[in-house]
Protein chains: 2
Amino acid sequence: MEKKRISKAVINRLPRYYRYLGDLLEKDVVRISSKELSEKMKVTASQIRQDLNNFGGFGQQGYGYNVEYLHSEIGKILGLEKQYSLIIIGAGNLGQALANYADFERRGFFVKGIFDINPRLVGMSIRGIEIKNVDELEDFVKNNDIDIAALTVPKAKAPQVAADLVKWGIKGIWNFAPTDLNLPDDVVVENVHLSDSLMKLSYKLSEKRKLAD
Amino acid sequence: MEKKRISKAVINRLPRYYRYLGDLLEKDVVRISSKELSEKMKVTASQIRQDLNNFGGFGQQGYGYNVEYLHSEIGKILGLEKQYSLIIIGAGNLGQALANYADFERRGFFVKGIFDINPRLVGMSIRGIEIKNVDELEDFVKNNDIDIAALTVPKAKAPQVAADLVKWGIKGIWNFAPTDLNLPDDVVVENVHLSDSLMKLSYKLSEKRKLAD
DNA sequence: TAGATTGTTAATCGATTAACAATC
DNA sequence: TAGATTGTTAATCGATTAACAATC
């Protein structure tokens, strides 16, 4: 059987579907049609049905979709039924923010270690996890089964740290450094480029200003 | 003259061009062809030329692009030649991380105020800016010319805070709350959904795992 | 059964890539 | 001038939307 390639655009939309369905679930909504959902999400009903049908039929003609079932199925597609262990490299404000964000645990992402080079931070604890010196990183990664490393180190350090992590066996990197990482194909990188995001906001504001003329 | 609408895909790529050109500039690279840049960025040269030509011709036949000039022109397109004043609503770890990120200032984004509801945070200072109580927010927004509000409040609070900010005159929102905001068309919202990003990483890791079978 | 809504095919639209004449 | 590379048009590819038969 030919396995249909899922487009990036579809994958980008999945977390948003998951979020909306989670909200509906909290409001005890039992069923929803693609039409109703499309109005809430401001997309076309067609797109919702097309997107979902990349993964199989989750609905029922004449009824729509069962919210709880669809939510759980999208969760499975996103790999959220599994648990992930995570380390944070860089215990600055952003690293600490991630470590403190308890909500990730609810989704199955568990912080197993936090590392920094700054001796003033090493030894401190965040939510019961002691910040370790980066010179312990190699041993830690090799001796623990870590799925994801969140990289919250300065731009200049990021490529080397990433290369080391990969050498030691890390297969998933959540990159917050404002630079792209060139890593082997079997390593998965997800970028969060805050400055890119701010520039996009700046662009949109400029456009509005121009329109106002 | 018919004004050509710039596609979202192009706008999303602009900050990345800006970043690469900035890096080249730091390395004192004077000129670059679309071909060279395409190899660094792992996109097609065609796409680079198409993207840039949405805004006019910045290059020269037989030569390529002058790095400094192109960098500065893209900066202008992104609205980075202007200065922006910014407030942060929510002085938790993420809000503090943003307040501490000095790099934004280099790009012309100045933090003018930080607000929180928690009395234990109010009165503290971050880089010389005192955290104020949210009950001072209305006056502050009305009496200062604030371009952007970064929203780092809990999901449940976000819609109301955003609505208030807009009511008081804010036209740009940098939203870190894991929810979409429904605001008037003249308000610009840029979302940073960290949990969506983590789910995408989770998806990619799952895909790799499946492929390994 | 009649009404509703899916799953899916076909049509449209838009974005990316290829090609090449223009020109530095 | 010859070589290089842009700016831009044309071709291709992919994604979105529309339409509707299938079916709950």
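Order of the sequence lines sets the chain letters (A, B, ...), proteins ahead of strands, with each chain counted from 1.
The salt bridge (Lys or Arg N to Asp or Glu O under 4.0 Å) contacts involving residues 191-202 of chain B comprise A/R19-B/D196, A/E190-B/K200, where partners must be two or more places apart or lie in separate chains.
Only B/A9, B/R13, listed by number, bring a heavy atom of residues 8-16 of chain B to less than 4.0 angstrom from any atom of DNA chain C. If you check residues 25-38 of chain A against DNA chain C, the residues with a heavy atom closer than 4.0 Å are A/R31, A/S33, A/S34, listed by number.
Contacts of A/R31 classified as side-chain contact (heavy atoms from CB on, under 4.5 Å), with partners at least two apart in sequence or in another chain: A/S33, A/E36, A/Y63. Partners of A/D145 according to the salt bridge (charged side-chain N to carboxylate O under 4.0 Å, His left out) rule, which considers only residues two or more places apart in sequence or in another chain, do not exist here. In this structure, A/K157 has no salt bridge (charged side-chain N to carboxylate O under 4.0 Å, His left out) partners at least two apart in sequence or on a different chain.
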* **Under 4.0 Å protein heavy-atom contacts per nucleotide of nucleotides 19-24 of chain C, with B for base, S for backbone only and - for none** => BB-BBB

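When the P atom of C/dG14 is taken as reference, atom CD of A/Q47 falls 14 Å away, rounded to whole Å. In this structure, the CZ atom of A/R5 is 17 Å from the P atom of D/dC13, given to the nearest Å. Separating the CG atom of B/L52 from the C1' atom of C/dT17 is a distance of 16 Å, rounded to the nearest angstrom. In this structure, the CG atom of B/L70 is 11 Å from the P atom of D/dT6, given to the nearest Å. Distance, B/D51 CG to C/dG14 C1': 14 Å, rounded to whole Å. For the pair B/N66 CG and D/dT5 P, the computed distance is 15 Å after rounding to whole Å. Straight-line distance from the CG atom of A/N53 to the C1' atom of D/dT16: 15 Å, rounded to whole Å. Atom-to-atom, CD of A/E39 to C1' of C/dT5 comes out at 14 Å; the value is rounded to the nearest Å.
In this structure, CG on A/N54 lies 7.5 Å from CD on A/Q50, to the nearest 0.5 angstrom. Atoms CG and CD1, from A/L165 and A/I146 in turn, are 10.5 Å apart once rounded to the nearest 0.5 Å. Once rounded to the nearest 0.5 Å, the distance linking CG of B/N118 with CD1 of B/I131 reads 9.0 Å. The OG atom of B/S85 sits 7.5 Å away from the CG atom of B/N144 when rounded to the nearest 0.5 Å. Distance OH/A/Y20 to OG1/B/T179: 6.5 Å, rounded to 0.5 Å.
Ring geometry, B/Y203 versus A/F55: the interplanar angle exceeds 60°, so the pair is classed perpendicular (tilted spans 30 to 60°).
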Result block: side-chain N/O donor-acceptor pairs under 3.5 angstrom for residues 104-115 of chain B, not counting sequence neighbours:
from: B/R106; atom 1: NE; to: B/D103; atom 2: OD1; distance (Å): 3.4
from: B/R106; atom 1: NH2; to: B/D103; atom 2: OD2; distance (Å): 3.2

Taking only distance into account, with no hydrogens and no angle test, what donor-acceptor pairs under 3.5 Å do side-chain atoms of residues 39-47 of chain B form with protein atoms, sequence neighbours excluded?
from: B/E39; atom 1: OE2; to: B/K35; atom 2: NZ; distance (Å): 3.3
from: B/K42; atom 1: NZ; to: A/N182; atom 2: OD1; distance (Å): 2.6
from: B/T44; atom 1: OG1; to: B/Q47; atom 2: N; distance (Å): 3.1

List the atom pairs, donor and acceptor, that lie under 3.5 Å between side-chain atoms in residues 89-99 of chain A and the rest of the protein, sequence neighbours left out.
from: A/N93; atom 1: OD1; to: B/N100; atom 2: ND2; distance (Å): 3.2
from: A/Q96; atom 1: NE2; to: A/A91; atom 2: O; distance (Å): 3.0

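Cation-pi check for A/K142 over A/F140 is not met; the charged atom does not lie both under 6.0 angstrom from the ring centroid and within 45 degrees of its normal.
Residue order along DNA chain D, read from the 5' end via each residue's closest nucleotide, puts B/G59 first among A/V43 and B/G59.
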* **For DNA chain D, the dot-bracket pattern of Watson-Crick and G-U pairs whose distances stay under 3.5 Å, | for other-strand partners** => ..||||||||||||||||||||||

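Within the 4.0 Å cut-off from OP1 or OP2 of D/dA4, not a single side-chain nitrogen or oxygen of B/Y65 is found.
Nearest heavy atoms, A/R49 versus A/S34: NH1-OG, 2.9 Å. Minimum interatomic distance between B/V192 and A/S197 (heavy atoms only, all atoms of both residues): CG2-OG, 3.3 Å.
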Any N/O pairs under 3.5 Å between the protein and nucleotides 9-12 of chain D? List them or say none.
from: D/dT9; atom 1: O4; to: B/Q50; atom 2: NE2; distance (Å): 2.8

